[in-house]
Amino acid sequence: MKTLERSFYDRRPLIVARDIIGKKLIRTLNDGSELSGIIVEAEAYEGNKDPASHAFRGKTPRNEVMFGEAGHAYVYFTYGFHHCLNLVTSSRFGKASAVLIRAVEPVSGIEEMKVRRKTNSVTQLTSGPGKLCQAFLIDRSLNGTDVTTMDSPIRLEDTSLKVRIAISTRIGIKQAADRMWRFYSKTSPYVSKSHVNATTGRES
DNA sequence: CACCCGATTATCT
DNA sequence: GATAATCGGGTGT
């Protein structure tokens with residue numbers, strides 16, 4: 001399967017957020033080893049037209065990647081603990097749009113992810129935006145990375161997977177909380193569920 | 001330069 | 001359901 005090119009990302013974020021479900025995320029480390037997973041959850045952020053977006057109030061040092069070319073990674077640090085991975089989408093329908101990758105289903109490098117996440121529970125490895133960045137060793141040093149080349153440390157591959165997609169409001173935001181801009185695999189056990197107890201598996 | 005709080009997670013009750 | 005952990009971006013003084 002081939003690396004997704006810029007034209008994939010250079011569309012409106014709602015389209016990309018839906019279409020990115022089922023694609024494979026591949027992280028190549030400095031030693032050449034690979035970690036990968038199938039994207040099962042993503043959200044659209046429409047830049048300067050979206051009150052929930054970091055880019056809503058204009059360009060700052062943190063969000064400037066969002067104002068650049070589609071197909072680059074926007075990685076930010078939040079809550080003093082976590083990194084989140086976004087992919088910049090088209091600027092033709094409003095400036096600075098991006099898609100937040102919220103969860104993947106681990107495919108390869110699972111043993112290494114377990115070490116980094118300090119758990120043996122496979123469903124806990126990458127079922128959340130902060131979790132997957134920890135598992136995939138993604139931090140701000142990768143902010144701005146062009147993800148459209150074969151040798152990029154982060155890239156996406158096309159797949160032939162057919163995924164049943166569900167739609168909902170976005171998670172963890174207060175502004176524009178009613179917009180149905182979250183897309184996820186209807187059947188995947190790897191979709192983020194922050195209200196689910198990690199050890200008991202019970203919903204609270 | 002002080003203050004507030006966040007596109008989260010783990011752990012406790 | 002609630003909260004601690006812990007950093008730094010963004011805003012306003």
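- One P atom belongs to C/dG1, the other to B/dA7, and the distance between them is 22 Å to the nearest Å.
- The residue A/Arg182 sits apart from the nucleic acid: no heavy atom pair falls under 4.0 Å.
- Atom OH in A/Tyr79 sits about 6 Å away from atom P in B/dG6, given to the nearest Å.
- If you check every strand for non-hydrogen atoms under 4.0 Å, A/Gly80 touches a base.
- With hydrogens and angles ignored, the 3.5 Å screen pairs no side-chain donor or acceptor of A/Ser53 with any backbone N or O of A/Asp50.
- Of the candidate nucleotides C/dG9, B/dA7, B/dA10, B/dA10 has the atom lying nearest to any side-chain atom of A/Gln124.
- Inter-residue side-chain proximity for A/Arg102 and A/Pro129 is flagged as met; some heavy-atom pair is nearer than 4.5 Å.
- At C/dG10, one or more side-chain N or O atoms of A/Thr60 fall inside 4.0 Å of OP1 or OP2 (strictly under the cut-off).
- The interatomic distance linking A/His54 (NE2) with C/dT11 (P) rounds to 11 Å, in whole Å.
- If you check C/dA5 for Watson-Crick or wobble pairing at under 3.5 angstrom, you find it paired to B/dT8.
- Between A/Ile165 atom CD1 and A/Ser185 atom OG the span is 8.0 Å, to the nearest 0.5 Å.
- Checking the phosphate oxygens (OP1, OP2) of B/dA10, a side-chain nitrogen or oxygen of A/Lys131 falls inside 4.0 Å.
- A/Phe81 places its CZ atom 7 Å from the P atom of C/dC7, with the value rounded to the nearest Å.
- Distance A/Tyr76 OH to C/dG10 P: 12 Å, rounded to the nearest Å.
- Within the 4.0 angstrom heavy-atom criterion, only backbone atoms of the sugar-phosphate kind lie near A/Arg57; the bases stay farther away.
- Along DNA chain B, the nucleotide closest to A/Arg117 and the one closest to A/Met66 are compared, and the more 5′ of them pairs with A/Met66.
- Smallest separation of non-hydrogen atoms from A/Ala52 and A/Arg170: CB-NH2, 3.7 Å.
- For A/Pro129, the side-chain atoms get nearest to B/dT9 when compared with the rest of B/dA7, B/dT9, C/dG10.
- Nucleic acid contact class of A/Leu100 (heavy atoms, under 4.0 Å, all strands): base.
- Under the Watson-Crick and G-U wobble criteria, each requiring two contacts below 3.5 Å, nucleotide C/dG12 is paired to B/dC1.
- Contact annotation: A/Arg179 does not reach the phosphate of B/dA7 (side-chain N/O to OP1 or OP2, under 4.0 Å).
- For the pair A/Trp181 CH2 and B/dA7 P, the interatomic distance rounds to 15 Å; values are reported in whole Å.
- Between A/Lys174 atom NZ and B/dT8 atom C1' there is a gap of 13 Å when expressed in whole angstrom units.
- With no hydrogens or angles considered, no side-chain donor-acceptor pair links A/Arg117 and A/Thr119 at under 3.5 Å.
- For the pair A/Asn86 CG and B/dT8 C1', the interatomic distance rounds to 14 Å; values are reported in whole Å.
- In this structure, the separation between CZ on A/Phe8 and CD1 on A/Ile20 is 5.0 Å, given to the nearest 0.5 Å.
- For the pair A/Phe77 CZ and B/dC5 C1', the computed distance is 14 Å after rounding to whole Å.
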